[in-house]
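Working notes, beginning with the structure itself.
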Amino acid sequence: MKAREMLSRAGMQSSELNSPQADAVAHVDGPLLVFAGAGSGKTRVITYRIANLVATHRVPPYRILAVTFTNKAASEMRSRLESLLGPDISRDLWVGTFHATCAKLLRLYGASIGVGKNFLVYDAQDQKTLVTRVVRELGLDEREYPPRTLLGAIQKQKQDGRGPDEMNIDSYSDRTVRSVYAAYEAALRAANAVDFEDLILLTVRLVESNSEEAESIRRRFDFVLVDEFQDTNATQYRLLRALTRDHRNLCVVGDDDQSIYRWRGADVRNIRGYKLDFPDAVVIKLEQNYRSTAHIVSAALAIIAKSYGREAKQLWTANDAGAPIELVAARDERDEAGYVIGRIREAVAAGVDRRQIALFYRVHAQSRVFEEALRASNLPYRIVGGMKFYERAEIKDALAYLRLVANPKSDVDFVRVVNTPARGIGDTTIERLSQFARANDESLLSAASHVHELGELGAAAKKKLAAFCALIEQLASSAAEMTPTALFDEMIEKSGYANALSADRTVENETRLENLKELRGSFLDFEAEMKALGETPTLEAYLERVSLQTNGDTPDSASSVTLMTVHGAKGLEFDVVFLTGMEEDMFPYRNAQHNSDEEMEEERRLAYVAVTRARKKLVVTHAASRQVFGTTRTNRPSRFVRDIPTHCIQTASTRLASIVAESEPHWSRPAFRKPLAGAAPPQEGRYVDREYFSDDTASDFAPAFRKGARVMHERFGIGEVRRSDPGENATVTAFFQGWGEKKILAKFLRPL
DNA sequence: ATTCCTGCCTTTTTT
DNA sequence: AGGCAGGAAT
């Protein structure tokens, strides 16, 4: 294909890009830093730049590496590149997550640093299991050193690029961490496994070494691009620098205002300090927002403006002001849920696609109330996060069998399935086998294969273990001559797993069988895909994909409302967003351990992320009281809410609805007289027609400003009503902390 | 070996 | 409040 043709196919007319976007796309050699504000067309810039490198500058596609954090982002980028450049070229580009890219490099070159070709990737659960085992073997008290905490400490070391011997030891507990870390590493290597951190860290060591392999990897890519750069941790950044050491063609794209993963090791300083490492870097800021209404952009900007140390940016939009942001005060979480669900039904009735509606909360625990309300009103919804497909026990069990077949050294998998389904191999047996295995320096499966040498084990136990070994061996020999799907079928049958589930026909087991069927479907998909690429589908390749695809890859084909945490919402956008639980101590989230300045900063950025997800309509809710971990808590509205300029906001309250509900028999209430078609009967008067929330202050003056009610004033903050005088120029006398009693025109007050 | 109970802890979790 | 892990009971 000719370059010009490719360019036009890439849609690269300047009219499609604004000026900073075009500058970023046109940049070729040397370091480039792009600050991409929310909704500023970041993905477009990255993909166009890649297209430009290939089409105009004739860079071979296989010499370009684009790194993302999520599989989803990677596949989106890939498909956009495919439509720009066509399948032949895009196939050769390296587009993938940090982890997938590193796994690929390790499989190609890892031998030189002692990483076998068929290593497994252990997920969070496996890691914890392994740490627990190590803790026990070291004879440590699990109560004093919870495996969870230790694993966290180990991960932190790894994310900072330190091995056990490179740790800073400041206390006795550091010493403990170090010894657990060392033993954990040894256990991983013995199992021929790596964890997520290893994927990065081992690749860094590989690329930084002086080996021939390091040289080849560094020569492999002429251009490296990174998306969501603000989310990189120390090791990931080190990797990027090592990969581009010789040419410095490192293009990073991100937004320090959207850095919300500090607690996972992400370091905003990577983006904020990029200039220090690359003083000659070209810096481009994308500040025009194409996504949201002007009201939403102003609100977002007001929230983030108070952030400290941020790179100066001024997000703006040419879009219309749009509908005001609604701020709704609810009594408690149930009131809040009822109100939100009512509003969602309204929106759906008005023709909004359910897929364009999202409900955010700070923590998962808040989802339950919403879920119940959604179910009660028959609204289809999906929850992102929570228990993911690949985390379900039956899926992990099935995969553990196959992983054990692929990698007989994987003790974690052995322990998982040796007695699943129950085969009468109990803890005592496994404990003795472990000791035996340790004494002989071999894996559990291998120890079990010559278990007859183990004196202190009962004959019955030996027989059972031998039978299990035979099962795995049989499956292993099948693996050599079968397709992965056929092997899966055989495993499910021969292991007795399917039988155990169908024997006891409970609803849960039905679901589990369904899930296994779905897993089988993923084997079929995998085989079809590999066939299309002309490759042989191997079990190992399948397992690799699955271990890096922990994402719940929810098919959003179903038309559902989406519920998720704000973290889960990053990178997404919706027409209508409900941002719930906007109270102090909920959002910003705070408890005894979590209240540092840094954390507060991150909460602020999180609020910014939340607000910028909305395209057309944002409804913010907060509850006066809520049940948290069994106790009732009363909270003021979030500081972030108070940061939103009042001219963007329209306040409402669910209170009028409840007053109507209490004072009138339900059949006489307007909302009940004409229920929405197909809707479940409303409960407790929460589903009230919108007219009831009209912004006409007179109609809800009395309840909103009755004595004792809380109100907010732009200057004086939150106050308590002492006295109110309705009428044309209604006034309210209220007490404000730090200001005393003030008499104020009601229109300057917001009921809370 | 399995089951049941009690006591614990509770953010966010791209891979 | 609820889910889970560890320990006791069967």
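Chain naming here is simple, since letters A, B, ... match the order of the sequence lines and numbering starts at 1 in each.
- Residue whose closest nucleotide on DNA chain B sits further toward the 5' end, between A/K464 and A/L606: A/K464.
- Atom NE2 in A/H567 sits roughly 8 Å away from atom C1' in B/dT13 (whole-Å rounding).
- Among B/dT15, C/dG2, B/dT13, the nucleotide with an atom closest to any side-chain atom of A/R368 is C/dG2.
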TODO: Test salt bridge (charged side-chain N to carboxylate O under 4.0 Å, His left out) on A/R334 and A/D332 and set out the steps.
DONE: CA-CA 6 Å; A/R334 298 187 52 203; A/D332 53 38; 6.0 Å; no
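- Applying the salt bridge (Lys or Arg N to Asp or Glu O under 4.0 Å) test to pairs two or more places apart or on separate chains, those with a residue in residues 414-426 of chain A are A/D397-A/R416.
- Across all strands, A/F98 comes closer than 4.0 Å to no nucleic acid atom at all (heavy-atom distances).
- The CD-P distance, from A/E371 to C/dG2, rounds to 13 Å in whole Å.
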- [ ] Kindly determine whether A/E573 and A/R291 satisfy salt bridge (charged side-chain N to carboxylate O under 4.0 Å, His left out), including the steps that lead there.
- [x] CA-CA 8 Å; A/E573 53 183 81; A/R291 177 187 294 157; 3.0 Å; yes
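- Contact annotation: A/T565 reaches the phosphate of B/dT13 (side-chain N/O to OP1 or OP2, under 4.0 Å).
- Not one side-chain nitrogen or oxygen of A/H364 sits closer than 4.0 Å to the OP1 or OP2 atom of B/dT10.
- Aromatic ring orientation, A/Y361 versus A/F370: parallel (interplanar angle below 30°, classes split at 30° and 60°).
- Across all strands, A/A73 comes closer than 4.0 Å to no nucleic acid atom at all (heavy-atom distances).
- Note on A/E599: a base of the nucleic acid sits closer than 4.0 angstrom, heavy atoms only.
- The residue A/N419 sits close only to the backbone: its heavy atoms come under 4.0 Å of sugar-phosphate atoms, none of a base.
- Checking the phosphate oxygens (OP1, OP2) of B/dT12, no side-chain nitrogen or oxygen of A/R264 falls inside 4.0 Å.
- Here A/W263 counts as stacked on B/dT12: its ring centre is under 5.5 angstrom from the base ring centre and the planes meet at under 30°.
- Regarding A/H99, its NE2 atom lies at a distance of 4 Å from the C1' atom of B/dT15, rounded to whole Å.
- Residue A/R362 is in base contact, counting any heavy-atom pair closer than 4.0 Å across all strands shown.
- Among the heavy atoms of the strands, none lies under 4.0 Å from A/L199.
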